[in-house]
Amino acid sequence: LLYFVTTWSRKSYREVKELCRKHRPDIAHFHNTLPLISPSAYYACKQEGVPVVQALRNYRLICPSGLLMRSGEICEDCIGGDFTPSLKHKCYRDSYIQTRAVVHMLRKHWKRGTYSQIVDMYIALTNFARDKFIEGGLPAEKIAVKPNFMLDPPQPCIGGDYAVFAGRISFGKGVHVLLKAWRQLDFPLTVIGDGPQRRKLEEMRIPGVNFLGYLPHGDAIELLRRARFLVFPALLYETFGRAMIEAFACGKPVIASRLGTATEIVEDGKTGLLFEPGDAEDLAAKAKTLIDNSSLAEELGRNAREEFEAKYTPERNHRELVNIYLAAIRGSST
């Protein structure tokens, strides 16, 4: 049953249609329809004359796993619509049955024109992600770029005597590369977050590395405010990377992989430093630069805060979102 519901949920269609009739919304803004809502919800909205906006928070429409990564490496085999490789490698949750359900949904709705015709506007978080979706077949004119933002940004804090990683502790986030680099450094590192690799990495017992697990957002931000810099060692194509702009808000530079969206957010030598993805030696060298030169870290941190205020404030984000909604309304009426 779930196999077919993923492609078309009658229940979702009926319920969303009733919601539209009851509340008469100006816009329907979707974040995720997998697995139980299904794209049928788009059609319910269109049937009631409600424009549809879909946020692109992963790469699911062009990659069944949503990550554009397989076996620890970047994978773009399914971009363009041939999802056969994902079936072969059981890319969704390492399950052939579940991958087949996702592939069935994608194939049906790409063929039907759901993604090109029924959705009025898409929101990509970066130009890098937008380009990938265009390569995958979405109409360029329907994809707007609007980054994430930070609500109630803190007062920036200059200086700090430790580094921070904040995020999910999984292979694609590159935490194992970070710890390999830290074996070469004598500087405290605070690791905030949890995930499948945490226990294994914590057992390495690298001096100076402190795993704190999951923390309330406010506590994590306060730790970030008092750090010298954030490390963002991702090995996969992030659709954004919220931790980077949170560091910017705190007045902290970011040391990030020279990969995908990070190269769009972090300007090398201005708001942080970039290193070659997966290269622990290069990461250690870039970290040592900011460890040995606190005045440079402070300068980059001030630049980072200026970048935050120019691009990632709630006020700017609200204006951009309203413009996207207006474009969706115009597109829906034509």
Side-chain angles (χ1 to χ4, degrees), residues 2-9 30-43 52-119 121-145 168 170-174 196 234-241 257-264 277-278:
L2 184 60
Y3 180 91
F4 296 104
V5 167
T6 298
T7 298
W8 187 274
S9 169
F30 291 88
H31 283 260
N32 187 21
T33 63
L34 186 78
L36 297 180
I37 296 176
S38 88
S40 69
Y42 301 153
Y43 286 86
V52 173
V53 175
Q54 173 66 58
L56 299 170
R57 297 193 167 273
N58 56 46
Y59 295 100
R60 186 85 62 207
L61 297 187
I62 56 175
C63 168
S65 79
L67 299 174
L68 290 176
M69 172 175 262
R70 176 168 55 81
S71 301
E73 297 183 356
I74 298 296
C75 173
E76 301 185 6
D77 289 351
C78 290
I79 292 181
D82 180 9
F83 300 111
T84 303
S86 70
L87 292 170
K88 176 182 177 182
H89 298 288
K90 300 182 292 186
C91 289
Y92 184 69
R93 297 186 175 181
D94 197 31
S95 165
Y96 176 79
I97 296 298
Q98 293 188 67
T99 303
R100 188 178 173 188
V102 176
V103 168
H104 181 262
M105 179 267 291
L106 290 171
R107 284 175 170 170
K108 285 287 185 181
H109 286 287
W110 273 109
K111 184 177 181 180
R112 188 172 183 174
T114 301
Y115 303 124
S116 60
Q117 299 172 28
I118 302 302
V119 177
M121 285 294 294
Y122 291 93
I123 301 176
L125 300 177
T126 61
N127 285 296
F128 175 86
R130 180 178 185 270
D131 289 344
K132 287 297 173 190
F133 284 108
I134 293 170
E135 185 181 348
L138 289 185
E141 67 276 10
K142 287 192 173 187
I143 312 176
V145 176
R168 179 171 165 80
S170 59
F171 184 88
K173 300 295 185 178
L235 298 173
L236 76 169
Y237 291 152
E238 298 276 4
T239 51
F240 191 71
S257 302
R258 193 185 302 274
L259 180 70
T261 60
T263 62
E264 194 170 325

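Only this structure's heavy atoms are used, side chains among them; waters, hydrogens and symmetry mates stay out. Not measured: the values here are computed from a predicted model.
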Would Phe128 and Tyr237 satisfy ring pair (Phe, Tyr, Trp, His ring centres under 6.0 Å), going step by step from the backbone distance to the final call? CA-CA 9 Å; Phe128 175 86; Tyr237 291 152; 4.9 Å; yes
Smallest separation among heavy atoms of Gly172 and Met69, with atom names: CA-SD, 4.0 Å
Leu67 and Leu236 have their tightest heavy-atom pair at CD2-CD1, 3.9 Å
Can you tell me if Ser65 uses its side chain to pair, donor with acceptor, with the backbone of Tyr92 under 3.5 Å? no
Please confirm whether the backbone N or O of Ser40 pairs with a side-chain atom of Ser38, one donor and one acceptor, at under 3.5 Å? yes
Donor-acceptor pair, side chain of Thr263 and main chain of Leu259, under 3.5 angstrom: no
Step by step, would you call Tyr43 with Arg112 a side-chain contact (heavy atoms from CB on, under 4.5 Å)? CA-CA 12 Å; Tyr43 286 86; Arg112 188 172 183 174; 3.4 Å; yes
First locate atom OG of Ser257, then atom CD of Glu238, and finally report the distance between them rounded to the nearest 0.5 Å. 9.0 Å
Counting C-beta onward and ignoring hydrogens, is there a side-chain heavy-atom pair between His109 and Thr7 closer than 4.5 Å? yes
Scanning both residues in full, the closest heavy-atom pair of Ile143 with Leu56 reads CG2-CD1, 4.3 Å
Is there side-chain contact between Gln98 and Lys90, with heavy atoms separated by less than 4.5 Å? no
If you round to the nearest 0.5 Å, how far is OG1 of Thr84 from NE2 of His89? 10.5 Å
Can you find a heavy atom in the side chain of Leu138 that is under 4.5 Å from one in the side chain of Leu61? yes
Does the Arg130 side chain pair with the main chain of Ala140, one donor and one acceptor, at a distance under 3.5 Å? yes
Sequence neighbours left out, what pairs pass side chain to side chain donor-acceptor pair (under 3.5 Å) with at least one residue falling in residues 55-64? His31-Arg57, Arg57-Asn148
Pro35 versus Met105: any side-chain heavy-atom pair under 4.5 Å? no
Heavy-atom closest pair (Gly136 atom, Trp110 atom, distance to 0.1 Å) is O-CH2, 3.7 Å
Please report the closest heavy-atom contact between Thr261 and Thr239, naming both atoms and the distance. CG2-O, 3.7 Å
Determine whether Asp77 and Arg70 make a side-chain contact, defined as any pair of heavy atoms from C-beta on separated by less than 4.5 Å. yes
Contacts of Thr33 that satisfy side chain to side chain contact (heavy atoms under 4.5 Å, CB included) - sequence neighbours left out: Phe30, Ile37, Pro39, Tyr42, Gln54
Atom CG in Leu106, atom CD1 in Ile62: separation rounded to 0.5 Å? 10.5 Å
Taking the side chain as C-beta and beyond, is there a heavy-atom pair between Glu264 and Phe240 under 4.5 Å? no
Is there a side-chain contact between Val53 and Ile123 in this structure, where contact means two heavy atoms from C-beta onward sitting under 4.5 Å apart? yes
To the closest 0.5 Å, what do you measure between OH (Tyr3) and NE2 (His104)? 4.5 Å
Please tell me if the side chains of Leu68 and Ile79 come closer than 4.5 Å, counting only heavy atoms from C-beta onward. yes
Looking at Glu141, I want to see if its CD is surrounded by more than 12 non-hydrogen atoms of other residues, nucleotides or ligands under 6.0 Å. yes
Can you see which heavy atom on Pro64 is nearest to which on Val103, and at what distance? CG-CG2, 3.9 Å
Heavy atoms of other groups near Arg100 CZ, more than 12 under 6.0 Å: no
